[in-house]
Amino acid sequence: MNDPIEDRVIRIIARRAGIDAATVVPTATLQTLGVASFHGIEMTFEIEDDFDINVPVGACDLTVGTVEDMVRAVREALAPSSKTRSSP
C-alpha cells in the first residue's frame with residue numbers, strides 16, 4: 001500500500017538531494033542522503049508550502065532526524081487538532 005504523504009515527502013527530499021526517490025528509505029537521515037544544510041532548509045520550506053503546514057522546529061534535523069521522522073512531523077501538522085482556528 002502506498003502512503004501519499006510519505007510519497008510526497010520522499011519526492012521532495014529526492015528532488016532537493018538530486019537523487020533517485022527509490023534510494024530514499026524511511027530510516028535514512030538527510031545527512032546520509034547527502035543533503036547540505038542549506039538544501040535541508042529549502043526542503044523544509046518546500047514541504048511546508050506543498051502541504052500548507054508549519055513543520056515543527058527540529059523535525060528536519062540533518063544529523064539525527066530520519067525520513068520517517070519528517071513524515072511523522074507532516075502527519076502531526078496535518079492532524080485537525082494541530083490546526084489553529086481562525087478568529088471570527
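Computation of the quantities below employed the complete heavy-atom set of this structure, encompassing side-chain atoms and omitting hydrogens, waters and symmetry-equivalent molecules.
Taking the side chain as every heavy atom from C-beta outward, Glu68 and Val25 never approach each other to under 4.5 Å.
If you take CD1 on Ile47 and CZ on Arg16, they are separated by 10.0 Å, rounding to the nearest 0.5 Å. The line from CZ of Arg15 to CD1 of Ile10 is 12.5 Å long, rounded to the nearest 0.5 Å. Distance CD1/Ile13 to CD/Glu6: 9.0 Å, rounded to 0.5 Å. We find the CG-CD1 distance between Asp7 and Ile12 to be 11.0 Å, quoted to the nearest 0.5 Å.
In this structure, Leu78 is a member of the same hydrophobic cluster as Met43, with clusters built from ILVMFWY side-chain heavy atoms closer than 4.5 Å. Linking Ile, Leu, Val, Met, Phe, Trp and Tyr residues whenever their side-chain heavy atoms come within less than 4.5 Å leaves Phe45 and Ile53 in two separate clusters. Leu30 and Ile41 fall into different hydrophobic clusters, defined by Ile, Leu, Val, Met, Phe, Trp and Tyr side-chain heavy atoms under 4.5 Å apart, directly or through other members.
In plain terms, the two heavy atoms of Phe51 and Ile5 that are nearest each other are CZ-O, 3.9 Å. Nearest heavy-atom pair across Ala77 and Asn54 is CB-O, 3.8 Å. Residues Asp20 and Ala14 approach most closely at C-CB, 4.2 Å, considering heavy atoms.
At least one donor-acceptor pair under 3.5 Å links the side chain of Asp69 to the backbone N or O of Thr66.
Evaluated for a side-chain contact (heavy atoms from CB on, under 4.5 Å) with Arg8, the options Val74, Asp50, Val71 yield exactly one hit, Asp50.
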